[in-house]
Amino acid sequence: MTQAADLVQILPYQQTADRVRRDIAMLMHRVWPDLPPPGEVVPDEHDPSLAALSCFIYRNDKLVSYAAVVHLLLTHTSQTFRMAALSCVATDPAFQQQGLGRLTVQAATRCIEYSHADLGLFTCDPPLAAFYEKAGWPSVQGIEVLGSLEAGALSSTTLGKAVLLRLLSPHARAHAAAFSNTTLSLGLPVGQFI
């Protein structure tokens with residue numbers, strides 16, 4: 001159950017304190033134990049070029065829930081779209097089923113809605129799609145998301161991810177047909193994905 005003190009803090013990732021960055025990295029390790037714990041120097045969780053916005057909740061001085069919004073330009077069917085995407089959504093396993101993930105996703109979603117983005121995008125494991133749909137992220141069929149067109153780039157299909165897409169602006173809605181049965185290449189470096 002959420003508590004009155006469960007305040008979602010929102011900061012540009014590049015402006016967060018070193019302690020917060022370490023706490024984010026530790027949360028990612030707790031949620032995905034295959035990820036190594038941070039060493040003495042904490043690497044950036046988000047590529048600085050993506051202008052990540054961090055949404056997070058501390059409870060009793062422990063970071064327990066996190067979601068980021070990253071920004072990029074997408075060129076698709078000879079059109080350029082401003083895209084905002086959810087990234088690194090995670091809630092500490094010991095604090096799940098308390099509504100904290102819902103709070104951070106709602107905060108991140110509001111940031112996307114007010115960001116002047118044309119598109120909102122997210123990929124997730126298929127069993128989690130219903131959770132995101134309740135937060136206003138409809139699943140779409142027939143769209144494959146590629147990290148890039150480079151050999152070895154990550155793909156929503158090969159990763160087995162569901163794709164959730166929102167057309168937010170008049171520009172995106174005017175080109176809605178371009179987002180049916182298509183492939184979206186994000187132009188990210190090989191190994192990066194959202």
By the ring pair (Phe, Tyr, Trp, His ring centres under 6.0 Å) test, which pairs, at least two apart or in different chains, include something from residues 132-173?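 The answer is F81-H171, F122-Y132, H171-H175.
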Which pair of heavy atoms, one from [X] and one from [Y], lies closest together, and at what distance?
X    : Y    : value
A178 : T77  : CB-OG1, 3.6 Å
V31  : A90  : CG2-CB, 3.8 Å
V69  : A84  : CG1-CB, 4.0 Å
M26  : P38  : SD-CD, 3.1 Å
V105 : A135 : CG1-CB, 3.8 Å

How long is the span from the [atom1] atom in [X] to the [atom2] atom in [Y], to the nearest 0.5 Å?
X   : Y    : atom1 : atom2 : result
S87 : E45  : OG    : CD    : 8.0 Å
I57 : D92  : CD1   : CG    : 12.0 Å
M83 : I112 : CE    : CD1   : 10.0 Å
S65 : R59  : OG    : CZ    : 10.0 Å
T16 : H46  : OG1   : NE2   : 8.5 Å
R19 : I24  : CZ    : CD1   : 11.0 Å

Are R166 and E113 side-chain neighbours, meaning at least one heavy-atom pair lies under 4.5 Å?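 Heavy-atom side-chain distance check passes, below 4.5 Å.
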Any side-chain heavy atom of C111 within less than 4.5 Å of one from I10?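 Sidechains of I10 and C111: in contact.
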Check the pair Y66 / S54 against side chain to side chain donor-acceptor pair (under 3.5 Å), numbers first and verdict last. CA-CA 7 Å; Y66 183 78; S54 295; 2.7 Å; yes
Is the NZ or CZ atom of R21 positioned over Y13's six-membered ring, under 6.0 angstrom from the centre and within 45° of the axis?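 Cation-pi check for R21 and Y13: passes.
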Would you kindly confirm whether [X] and [Y] end up in one hydrophobic cluster when ILVMFWY residues are joined by side chain heavy atoms under 4.5 Å apart?
X    : Y    : answer
L165 : F131 : no
I143 : L167 : yes
L50  : L11  : no
L86  : L121 : no
L27  : F56  : yes

Can you list, pair by pair, the side-chain donor-acceptor contacts under 3.5 Å of residues 180-194, counting residues two or more places apart and other chains?
{"unit_1": "T182", "atom_1": "OG1", "unit_2": "H76", "atom_2": "NE2", "d": "3.3"}
{"unit_1": "Q192", "atom_1": "NE2", "unit_2": "D47", "atom_2": "OD2", "d": "3.2"}

Any side-chain to backbone donor/acceptor pair from [X] onto [Y]? Under 3.5 Å, distance only.
X   : Y   : result
H29 : L35 : yes
R82 : L72 : no
R22 : E40 : yes

What verdict does the side-chain contact (heavy atoms from CB on, under 4.5 Å) test give for F179 and V140, after you've listed the backbone C-alpha separation in whole Å, the side-chain angles of each residue and the deciding distance to 0.1 Å? CA-CA 9 Å; F179 297 100; V140 293; over 6 Å; no
Would you list the atom pairs, donor with acceptor, under 3.5 Å between side chains in residues 144-162 and any protein atom, with sequence neighbours excluded?
{"unit_1": "E144", "atom_1": "OE2", "unit_2": "S155", "atom_2": "OG", "d": "2.6"}
{"unit_1": "E144", "atom_1": "OE2", "unit_2": "T157", "atom_2": "OG1", "d": "3.3"}
{"unit_1": "S148", "atom_1": "OG", "unit_2": "E150", "atom_2": "N", "d": "3.1"}
{"unit_1": "S155", "atom_1": "OG", "unit_2": "T157", "atom_2": "N", "d": "3.1"}
{"unit_1": "S155", "atom_1": "OG", "unit_2": "T158", "atom_2": "N", "d": "3.4"}
{"unit_1": "S156", "atom_1": "OG", "unit_2": "V145", "atom_2": "N", "d": "2.9"}
{"unit_1": "T158", "atom_1": "OG1", "unit_2": "S155", "atom_2": "O", "d": "3.3"}
{"unit_1": "K161", "atom_1": "NZ", "unit_2": "D125", "atom_2": "OD1", "d": "2.6"}

Go through the steps to decide whether D118 and L168 satisfy the test side-chain contact (heavy atoms from CB on, under 4.5 Å), and finish with yes or no. CA-CA 5 Å; D118 298 306; L168 300 169; over 6 Å; no
